[in-house]
*Asks:* 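Take this structure, written in structure tokens, and hold onto it; I'll ask about it next.
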Amino acid sequence: MSEIVVNAVSKTWGGVGGVNRISFKADAGTLLVLLGPSGCGKSTTLRLIAGLEEVDSGTITIGGRDVTHLSPAQRNISMVFQSYALFPHLNVAENIIFGLRVRGVGRAERDARLRKVADIVGLSHLLERKPSQLSGGQRQRVALGRAIIAEAPVCLMDEPLSNLDAKLRHEMRTEIRSLQQRLGMTMVYVTHDQTEAMTMADRVILMRDGHIEQNGAPHELYNEPASDFTARFIGTPPMNIISWEAGAVLGIRPEHISLVENGGVPATVKAVEYLGADSIILCDVKGETVSVRQTGYCDLPTGAQVALGWQNRHIHLFDRDSGKRRAGSHLPHRGFPLNERQ
Amino acid sequence: MVSAVMSAAEPRAVRRRAWLTNANAWLLLLPAVVLLATFTHYPILATLYHSFFSLSRGGASEFVGLENYTYMLEDDVFWQVLRNNIVFAIATVPTSIALALLMAVWVDKKMAGRSFLRLAFFTPTVLPMIAVANIWLFFYTPNYGLLDQFLKSLGFAGHNWLGDPSTVMSCLAAMVVWKEAGFFMIFYLAALQTIPPELKEAAEVEGASRWYFFRRVTLPLLMPTTLFISINALINSFKLVDQLVIMTKGGPNNASSLLLYYIYEVAFTFQDTAFAATLTVTLIAILAAVALTKFVYLDRRIHYQ
């Protein structure tokens with residue numbers, strides 16, 4: 001099987017950027033997402049797996065085979081680039097079969113495989129077109145076709161959807177995911193979009209400044225963020241982080257806060273964002289902004305005085321200095337923790 | 001009544017505005033039109049006109065029809081310089097293009113001293129042809145020239161490189177390639193840098209060798225540049241004759257004379273302006289035909305981004 005194991009891999013450019021001793025494993029046939037803000041090292045990690053960059057130290061194995069010092073072609077992978085990297089002078093068909101040509105696959109087999117792949121990615125009627133005559137979504141499909149025609153067990157994707165508009169991005173997300181599952185590929189997918197990560201991944205690795213911040217299933221990252229960084233990165237709007245007792249900050253998801261009649265934390269409404277199914281109420285609590293998710297339409301005027309409440313089981317506590325999650329984040333008391341601070 | 005007047009006035013206003021727009025456009029074009037007409041279009045037409053007339057030494061020139069052209073076709077020197085020019089073009093154009101591409105690919109790589117190398121390759125372009133001709137004249141000088149001194153140190157005899165009809169053309173071609181290749185390299189270098197690096201990476205992932213990538217991706221993507229350069233190189237091979245004035249004066253026995261130099265000789269040494277006009281028309285016709293076939297035929301087979 002073709003699982004990918006990255007073991008204590010480091011790469012820097014004269015001490016700048018890159019990744020620092022990262023280790024993780026992508027199980028065979030699963031989709032692993034490398035997530036993080038720009039400059040966190042996620043693309044570097046992908047390029048190291050692809051062999052487009054040489055590791056400084058550490059090892060990479062694919063399907064149990066040590067590929068650390070092999071060329072990209074020897075690693076038996078396919079790759080989709082952010083810019084698609086289509087050959088502008090070749091038409092769609094020639095772009096897709098480029099790799100087969102290189103490897104000297106016979107004409108009959110080439111044609112058969114092209115027909116199959118063109119059918120899968122829905123390009124059968126556009127095979128004669130040049131990339132410049134295609135829309136962004138169609139170019140994306142050509143890149144996808146070129147990646148899957150190789151029938152490589154591992155497919156690497158570097159922000160493949162970042163150049164598409166929102167609607168198309170949603171479509172392609174579903175399509176790539178179902179393609180990955182249907183063909184049983186091991187896929188490593190780089191993105192900075194947490195929605196993409198949450199919806200597509202079997203496992204998400206959140207990276208920051210060249211190290212792994214958290215490695216887990218999407219629901220683990222959402223429900224048990226290992227640090228306040230994860231908490232802030234995952235979810236729209238992100239988790240509210242409020243100052244708490246000495247040495248700690250408190251995190252709570254907007255959907256876990258409600259407006260209460262009596263008791264609760266006094267707050268002032270700053271703005272309301274209406275999203276259709278729900279509204280995000282941005283409140284000011286002692287100089288800190290707290291967002292509250294409420295179902296349906298909310299007509300609170302700016303400046304209205306409200307009270308916020310939540311249940312203790314929804315609270316996350318993080319260390320103020322290290323940002324790490326504190327063990328047993330649940331509080332001993334019931335009720336409204338911010339009240340007790342007053 | 002009122003509406004009829006209005007509708008009659010309206011088209012007049014529109015017409016007036018259109019006329020003003022046209023006048024404005026023509027006024028803006030005027031400086032360029034005057035310069036082009038005076039120094040390009042009129043001389044071409046005048047040359048064409050004179051090529052159908054006899055030489056007017058003092059007296060009036062007469063219309064002689066195609067007589068000048070018949071004379072040209074019977075002129076042995078014309079055929080020799082034309083042959084020389086074709087040989088010269090075949091020797092210099094592909095060589096300088098190939099060399100330019102080679103140098104561009106080399107200095108496009110990331111390596112130490114890249115800027116210095118680029119500068120070195122480009123330097124011959126900056127020098128005036130007159131200066132280059134003088135430098136190379138010294139290289140080729142019999143016995144104490146650079147080339148002969150080098151050959152003598154290896155035990156060979158000296159040779160009159162520019163005085164021998166069998167070597168003079170090669171010597172001039174080598175010098176022109178040296179002068180031109182660096183200039184064409186700049187165009188190739190610019191074109192190479194517009195090729196996105198991901199294409200190379202995508203090909204690398206697919207297992208394409210460097211040579212395969214160069215042949216199947218780089219070269220086709222460079223074709224627009226190659227077409228541009230080859231037309232320029234070809235025109236230059238007919239246009240650049242400064243070196244002949246310095247080095248050979250077309251000799252020995254017209255062995256190194258080119259069409260344009262022959263025109264210069266006919267016009268200013270022999271003072272035969274009518275025949276010079278005839279030769280000039282022929283030269284322009286050749287160049288126009290070459291450029292036209294290239295653009296019409298090759299453009300369809302080239303990918304433009």
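Computed from a prediction, not measured in an experiment: that's the story for all the values here. Naming convention: chains lettered A, B, ... in sequence-line order (proteins, then strands); numbering from 1 in each chain.
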*Asks:* How would you list all residue pairs meeting side-chain hydrogen bond (donor to acceptor under 3.5 Å, both in side chains) that involve residues 81-106 of chain A, not counting sequence neighbours?
*Replies:* A/Gln82-A/Ser162, A/Ser83-B/Glu198
*Asks:* Could you tell me if the side chain of B/Leu221 sits less than 4.5 Å from the side chain of A/Phe87, heavy atoms only?
*Replies:* no
*Asks:* Around atom CH2 of A/Trp13, are there more than 12 heavy atoms from other residues, nucleotides or ligands closer than 6.0 Å?
*Replies:* yes
*Asks:* Quick check: closest heavy atoms across B/Ala202 and A/Ala85, and the distance to 0.1 Å?
*Replies:* CB-CB, 3.9 Å
*Asks:* With only heavy atoms counted, which part of A/Leu156 is less than 4.5 Å from chain B, the side chain, the backbone, both or neither?
*Replies:* neither
*Asks:* Quick one: closest heavy-atom pair of B/Leu199 and A/Pro88, and the distance?
*Replies:* CD1-CD, 4.0 Å
*Asks:* Select all residues of residues 96-104 of chain B having any heavy atom within less than 4.5 Å of some heavy atom of chain A, and report them by number, or 'none'.
*Replies:* none
*Asks:* Checking heavy atoms, do the side chain of A/Arg47, its backbone, both or neither come under 4.5 Å from chain B?
*Replies:* side chain
*Asks:* Select one option (side chain, backbone, both, neither) describing which atoms of A/Ser71 are under 4.5 Å from chain B's heavy atoms.
*Replies:* neither
*Asks:* For residues A/Leu90 and B/Pro220, determine if any side-chain heavy atom of one lies less than 4.5 Å from a side-chain heavy atom of the other.
*Replies:* no
*Asks:* Decide yes or no for A/Arg146 and B/Glu206: does some side-chain heavy atom of the first lie under 4.5 Å from some side-chain heavy atom of the second?
*Replies:* yes
*Asks:* Which residue pairs pass the side-chain hydrogen bond (donor to acceptor under 3.5 Å, both in side chains) test with at least one member in residues 168-180 of chain B, sequence neighbours excluded?
*Replies:* B/Glu180-B/Asn236
*Asks:* Which residues satisfy the side chain to side chain donor-acceptor pair (under 3.5 Å) test with A/Thr59, sequence neighbours excluded?
*Replies:* none
*Asks:* Please identify, among A/Val80, A/Ile77, A/Leu52, the residue contributing the most non-hydrogen atom pairs under 4.5 Å to chain B.
*Replies:* A/Leu52
